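The structure appears right after this line, and notes come after that.
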Amino acid sequence: MLAFVTSALLLGSLQAFGFDNTRNDNVAAYWGQNSYGATNSNQANWQQPIDFYCQDDSIDAFPIAFLNVFFGAGGLPSIDLANTCNVNDNTVFAGTQLPDCSFLASAIETCQSKGKIVTISLGGATGAAGFTSDAQASSFADTIWNLFLGGSSSTRPFGGAVLDGVDLDIEGGSTEYFNTFVNELRSHMNGASKQYFITGAPQCPFPDAYLGSVINAVGFDALYVQFYNNYCGLNNFANSNDWNFATWDNWAKTTSPNKNVKIYIGAPASSTAAGSGYVAISSLAGIIQQTKAQYSSFGGVMFWDASQAYANGRFDAAVKSALQGGASAPAPPPTTVTTTAPTSKTTPVAPPTTSATPPTSGSCAGVNAWVSNVAYNGGDEAVYGGHLWTAKWWSYGDTPGGAAGDWQDDGVCTNIALKAGEFVTVHYESKSVPTSVPVTTPKSVPAAKNSRFFRY
């Protein structure tokens with residue numbers, strides 16, 4: 001125990017020395033959802049363990065995405081980290097749907113030892129998140145503290161690794177009682193020996209439909225504003241009627257309970273990372289430097305996600321260079337990394353790369369990536385391995401393209417051509433979560449519906 005405490009204190013001092021939230025050249029990269037793998041079948045560029053992305057100074061903060069189920073079996077949350085750790089391919093704690101991802105502890109601590117912060121992101125576009133009372137929200141904050149932060153529990157998903165805070169990426173449902181959740185978290189953090197951070201990821205339209213009231217009520221350290229998939233995206237930077245960083249800057253200085261809150265430009269790391277809003281680094285560099293010079297609340301750039309950035313010619317390194325006033329990106333680090341392999345219950349099924357009768361290609365704009373810890377009804381759509389899939393019937397934990405045959409392959413994802421003024425509306429799904437272990441198919445399976453294409 002003494003060794004664990006000493007290690008935690010050492011890591012805490014190292015990250016506090018390395019990460020400085022007051023700076024205006026920080027880079028935050030979401031990790032965990034294998035965004036590249038969802039839209040591309042080339043497994044060579046699929047998501048790697050988190051320490052793979054910590055080998056240089058390009059990225060400063062890693063929100064781990066996502067804790068997308070608040071109350072699952074056994075009353076505990078569940079996380080889905082795509083091809084890295086999930087309820088389908090990894091062991092779960094007894095009586096729960098919380099996967100044991102403790103093999104990642106050393107990788108997380110490696111990133112922290114290099115002065116980077118690693119947080120847990122709650123929500124996402126596909127999940128079961130929300131509270132029914134102040135008491136439930138407060139109790140859940142205690143649970144998060146004990147499972148991921150400075151508390152203690154026998155069911156810590158990342159073992160002895162102590163994360164550096166919490167990110168709220170709430171994109172649907174109700175955000176009632178979230179201010180209670182944040183305040184209870186702060187009560188734990190304020191009495192701790194290391195520094196913790198609370199961040200949020202609102203959409204760029206102001207006020208945000210889900211986090212707007214929360215960020216007005218309680219203090220956040222930073223907001224990763226998603227300037228994509230909306231009219232106010234980076235692709236409309238030149239239109240002063242659409243681009244609204246000034247509005248967020250004004251909020252930070254006049255309304256935010258924390259007047260030192262930092263506002264980040266949230267950007268897609270490649271053209272396949274979002275439905276709209278991606279701009280090449282040649283354009284983004286100018287946007288970064290102009291915004292940095294004009295607004296004192298500017299904190300840096302967030303992008304979705306690490307896998308997309310690396311596959312897109314080290315987009316992360318180019319962004320860091322632009323933030324620091326450079327003209328070119330640093331050389332990429334070695335691509336070798338050593339980490340402990342997870343204990344796998346089953347062999348993950350690779351997405352198909354060929355088909356005897358190739359299906360018609362489908363638009364994946366606005367359709368969410370498949371996750372293993374929520375239930376899909378017949379007719380629900382998901383993106384997996386660069387293909388669009390439609391559930392044939394109720395499905396839980398069965399990989400698209402897998403032996404169970406739960407999913408219809410609608411074809412390779414295709415890009416859509418947006419007309420001027422159009423944008424992609426991200427489809428939020430409030431999913432059901434089976435509360436029994438093992439999970440069994442309901443006696444009455446919902447009838448299949450026609451496939452939906454979220455093309456706007």
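Being a predicted model, the structure only gives us computed values, none of them experimental. Residue numbers run from 1 in the order of the sequence given.
For the salt bridge (Lys or Arg N to Asp or Glu O under 4.0 Å) criterion with Asp60, the lone passing option out of Arg23, Lys262, Lys320 is Lys320. The residue from Asn258, Thr175, Thr255, Leu223 that alone fulfils the side chain to side chain contact (heavy atoms under 4.5 Å, CB included) condition with Ile215 is Leu223.
Checked by atom type and distance alone, the side chain of Asn230 pairs as donor or acceptor with a backbone atom of Tyr228 at under 3.5 Å. The closest donor-acceptor contact from the side chain of Asn244 to the backbone of Thr247 lies at 3.5 Å or more, if one exists at all. With hydrogens and angles disregarded, no donor-acceptor distance shorter than 3.5 Å links the side chain of Gln308 to the backbone of Phe315. Not one N or O on the side chain of Asp409 forms a donor-acceptor pair closer than 3.5 Å with the backbone of Trp389. Checked by atom type and distance alone, the side chain of Asn179 never pairs as donor or acceptor with a backbone atom of Val214 at under 3.5 Å.
With sequence neighbours left out, Asp242 forms a salt bridge (charged side-chain N to carboxylate O under 4.0 Å, His left out) with no residue at all. The side-chain contact (heavy atoms from CB on, under 4.5 Å) test applied to Ala61 returns Phe19, Ala28, Ile117, Tyr224, not counting sequence neighbours. Not counting sequence neighbours, the partners of Tyr295 by the ring pair (Phe, Tyr, Trp, His ring centres under 6.0 Å) test are Phe245. In terms of the side-chain hydrogen bond (donor to acceptor under 3.5 Å, both in side chains) criterion, Lys259 has no residue partners (sequence neighbours excluded). Every residue meeting the salt bridge (charged side-chain N to carboxylate O under 4.0 Å, His left out) condition with Asp316, not counting sequence neighbours, appears here in chain and number order: Arg314.
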### Query
Are Gln203 and Asn229 close enough, and set up right, to give a side chain to side chain donor-acceptor pair (under 3.5 Å), and what steps lead you there?
CA-CA 9 Å; Gln203 305 285 319; Asn229 289 333; 5.9 Å; no
#### Entry: Candidate pair Asp164 and Lys116, rule salt bridge (Lys or Arg N to Asp or Glu O under 4.0 Å), full reasoning
CA-CA 9 Å; Asp164 300 295; Lys116 306 172 188 299; over 6 Å; no
#### Entry: Derivation and outcome, salt bridge (Lys or Arg N to Asp or Glu O under 4.0 Å), residues Lys114 and Asp51
CA-CA 10 Å; Lys114 296 183 178 182; Asp51 55 343; over 6 Å; no
### Query
Could you go step by step and tell me if Asp167 and Tyr30 meet the side chain to side chain donor-acceptor pair (under 3.5 Å) rule?
CA-CA 10 Å; Asp167 173 67; Tyr30 280 86; 2.7 Å; yes
### Task
Decide side chain to side chain donor-acceptor pair (under 3.5 Å) for Trp304 and Ser35; before the verdict, give the C-alpha distance in whole Å, the side-chain angles of both, and the deciding distance to 0.1 Å.
CA-CA 8 Å; Trp304 178 267; Ser35 174; 3.3 Å; yes
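Aromatic ring centroids of Phe131 and Phe178 lie under 6.0 Å apart. Here Tyr36 and Tyr310 keep their ring centres 6.0 angstrom or further from each other.
With 3.5 Å as the limit, one finds no donor-acceptor pair spanning the side chains of Ser121 and Asp169. Using modelled atom types and a 3.5 Å distance limit, the side chains of Ser78 and Gln97 yield no donor-acceptor pair.
Within the structure, no pair that satisfies the salt bridge (Lys or Arg N to Asp or Glu O under 4.0 Å) test touches residues 31-41, not counting sequence neighbours.
Note that CD of Gln324 is 11.0 Å distant from CD of Gln289, once rounded to the nearest 0.5 Å. Remark: Lys292 NZ to Ile287 CD1 distance equals 15.5 Å, nearest 0.5 Å. One finds the OG atom of Ser296 at 9.5 Å from the CG atom of Asn260 (value rounded to the nearest 0.5 Å). Note that CZ of Phe220 and OG1 of Thr199 are 8.0 Å apart. Values are rounded to the nearest 0.5 Å.
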